[in-house]
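Computed from a predicted model, the values in this text were never measured in an experiment. Here is how names work: the chains are called A, B, and so on, in the same order as the sequence lines, proteins then strands, and each is numbered from 1. Values reported hereafter were calculated over all heavy atoms of this structure, with side chains retained and with hydrogens, waters and symmetry mates removed.
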Protein chains: 2
Amino acid sequence: MSVDRTQVLRAAAALLSRKATATMDEVARAAGIGRATLHRHFAGRDALVRALEQLCIEEAEAALDAARIEEGPADEAVRRLVTASQPAASLLAFLVTENQLFEGDGQNEGWSRLDARLVALFRRGQEEGTFRIDLSPAWLCEAFYGLIGSGAWAVADGRVAANDFSYMIAELLLGGARRSVEK
Amino acid sequence: MSVDRTQVLRAAAALLSRKATATMDEVARAAGIGRATLHRHFAGRDALVRALEQLCIEEAEAALDAARIEEGPADEAVRRLVTASQPAASLLAFLVTENQLFEGDGQNEGWSRLDARLVALFRRGQEEGTFRIDLSPAWLCEAFYGLIGSGAWAVADGRVAANDFSYMIAELLLGGARRSVEK
DNA sequence: CCCGTGTGAGACAAAAGCGTCTCACGTGGT
DNA sequence: ACCACGTGAGACGCTTTTGTCTCACACGGG
């Protein structure tokens with residue numbers, strides 16, 4: 001009976017990442033609920049996006065925790081992180097393109113926390129000699145987001161099997177980030 | 001006096017790629033022109049997106065031509081292509097997330113032409129033994145788009161210097177795509 | 001069984017955005 | 001100097017979207 005808030009947000013993210021101009025009515029129908037009910041849970045479009053942001057940050061942070069990125073070799077930590085990030089992929093794919101969140105003063109500090117942890121991971125890899133040092137941690141961080149988004153999009157589109165998600169991303173990202181013996 | 005159509009489209013892409021819900025008025029102001037003038041050149045939002053699509057396809061195809069991707073080693077061809085793609089980066093970044101273009105029957109065949117040429121390049125690299133074969137050409141193609149977009153965003157945001165654009169993307173993409181001796 | 005809670009559907013006004021028009025202005029060419 | 005053209009600003013009616021409200025209904029617990 002009662003609406004599952006998280007499930008609604010997930011459906012909203014899936015739709016909005018494909019059609020950012022979708023109306024509240026379309027979001028509601030995509031979530032399988034009425035527009036009135038959607039409005040009962042989220043005051044408006046802005047509140048909806050904020051809720052998506054919050055959920056995304058929580059899931060991404062949970063992924064960082066679950067992957068125990070501080071432990072073991074950095075490349076394996078990245079591999080675990082990519083796998084753990086898959087549930088949050090569509091959320092990330094949408095929110096990364098939602099610049100409204102980053103302009104203005106009320107910017108959610110969760111993003112900088114995420115960035116900091118991610119950057120720290122890449123920096124650790126560089127200091128341990130696992131990652132090449134000619135690619136800045138900030139760029140690796142950015143590329144991580146981008147590849148997660150591309151992966152989510154490719155999976156949703158059927159171009160990549162969902163099972164290959166982690167492998168494709170991790171292999172591409174690590175292959176580029178890992179210092180290779182030649183060169 | 002007369003408005004530079006291409007420049008308007010470029011400004012529109014830069015804005016829309018970070019705020020897909022931007023109004024025509026915002027687009028006009030971002031381009032430094034009045035809303036009426038924007039309307040004189042593009043009948044509506046849809047026409048604007050179509051024009052962006054057309055320009056993007058033209059520029060991407062020009063980049064493919066300019067990079068002469070059929071010549072020389074595949075990895076060097078990719079490197080040339082990344083460099084040649086920089087002017088079209090923000091356009092690509094926006095349009096890749098605009099799925100409205102891909103659903104429906106009036107889909108521009110330019111995209112499949114681009115995809116085909118890009119896929120052929122990666123496939124050639126695999127057959128020549130330059131690229132690893134466990135990452136599908138389709139995924140490499142997708143990742144290429146994604147990294148171009150991430151790079152454009154990182155540059156626009158000041159996280160990466162514009163001069164490093166090509167290097168960062170090509171190194172990350174190729175490092176992952178190139179078969180390394182270990183493993 | 002019955003009542004309370006949460007829901008879907010629809011009506012409704014307000015707001016936002018769009019597309020068109022007019023008009024004054026400034027620039028560039030004649 | 002003059003004229004023509006393209007522009008910016010703003011007004012206007014229209015459509016779409018939004019946010020709120022009401023009401024009937026289904027479910028679930030007491």
For residues 57-65 of chain A, which side-chain N or O atoms pair as donor and acceptor with protein atoms under 3.5 Å away, sequence neighbours left out?
from	atom 1	to	atom 2	distance (Å)
A:Glu59	OE2	A:Arg10	NH2	2.4
A:Glu61	OE1	A:Arg113	NH2	3.3
A:Glu61	OE2	A:Arg113	NE	3.0
A:Asp65	OD1	A:Arg117	NH1	3.1
A:Asp65	OD1	A:Arg117	NH2	2.9

task: For the residue pair B:Trp153 and A:Glu142, confirm or rule out a side-chain donor-acceptor distance under 3.5 Å.
output: no
field: Residue whose closest nucleotide on DNA chain D lies nearer the 5' end, A:Ala43 versus B:Gly34
entry: B:Gly34
statement: Sorted by chain and number, sequence neighbours left out, side-chain contact (heavy atoms from CB on, under 4.5 Å) with B:Ala11 holds for B:Ala31
task: Give the ring-plane orientation class for A:Phe122 versus A:Phe131, where under 30° counts as parallel, over 60° as perpendicular and anything between as tilted.
output: tilted
message: In whole Å, I'd like the distance from the NE2 atom of B:His39 to the P atom of D:dG10.
response: 16 Å
message: In this structure, how many angstroms lie between the P atom of C:dA16 and the CG atom of A:Asp46, rounded?
response: 13 Å
- prompt: Under 4.0 angstrom, heavy atoms only, what part of the nucleic acid is A:Arg45 near: base, sugar-phosphate, or nothing?
  reply: sugar-phosphate
query: NE2 of B:His41 versus C1' of C:dT20: gap in Å, rounded?
result: 16 Å
field: Residues within residues 23-30 of chain A bordering DNA chain D, heavy-atom distance below 4.0 Å
entry: A:Thr23, A:Met24
- request: Answer yes or no: side-chain N or O of B:Arg40 and base N or O of C:dG19 forming a donor-acceptor pair under 3.5 Å.
  value: no
query: How about B:Cys56 and B:Trp111: do any of their side-chain heavy atoms sit closer than 4.5 Å?
result: yes
field: Integer-rounded Å distance: C:dT7 P and A:Arg5 CZ
entry: 12 Å
field: Distance (rounded to the nearest 0.5 Å) between A:Ser136 OG and B:Arg159 CZ
entry: 10.0 Å
Short N/O separations, protein against nucleotides 11-15 of chain C, under 3.5 angstrom:
none

query: Could you give the distance from CG (B:Leu95) to CD (B:Glu98), rounded to the nearest 0.5 Å?
result: 7.0 Å
field: Non-neighbouring partners of A:Ser166 that pass side-chain hydrogen bond (donor to acceptor under 3.5 Å, both in side chains), sequence neighbours left out
entry: A:Thr83
Please tabulate, for side-chain N and O atoms in residues 22-29 of chain B, each donor-acceptor pair with protein atoms closer than 3.5 Å (sequence neighbours left out).
from	atom 1	to	atom 2	distance (Å)
B:Thr23	OG1	B:Asp25	N	3.4
B:Thr23	OG1	B:Glu26	N	3.2
B:Thr23	OG1	B:Glu26	OE1	3.4
B:Asp25	OD2	B:Arg29	NE	3.1
B:Glu26	OE1	B:Thr23	N	2.8
B:Glu26	OE2	B:Lys19	NZ	2.8

Interatomic distance, A:Leu16 CG vs D:dT17 P [rounded to whole Å]: 14 Å
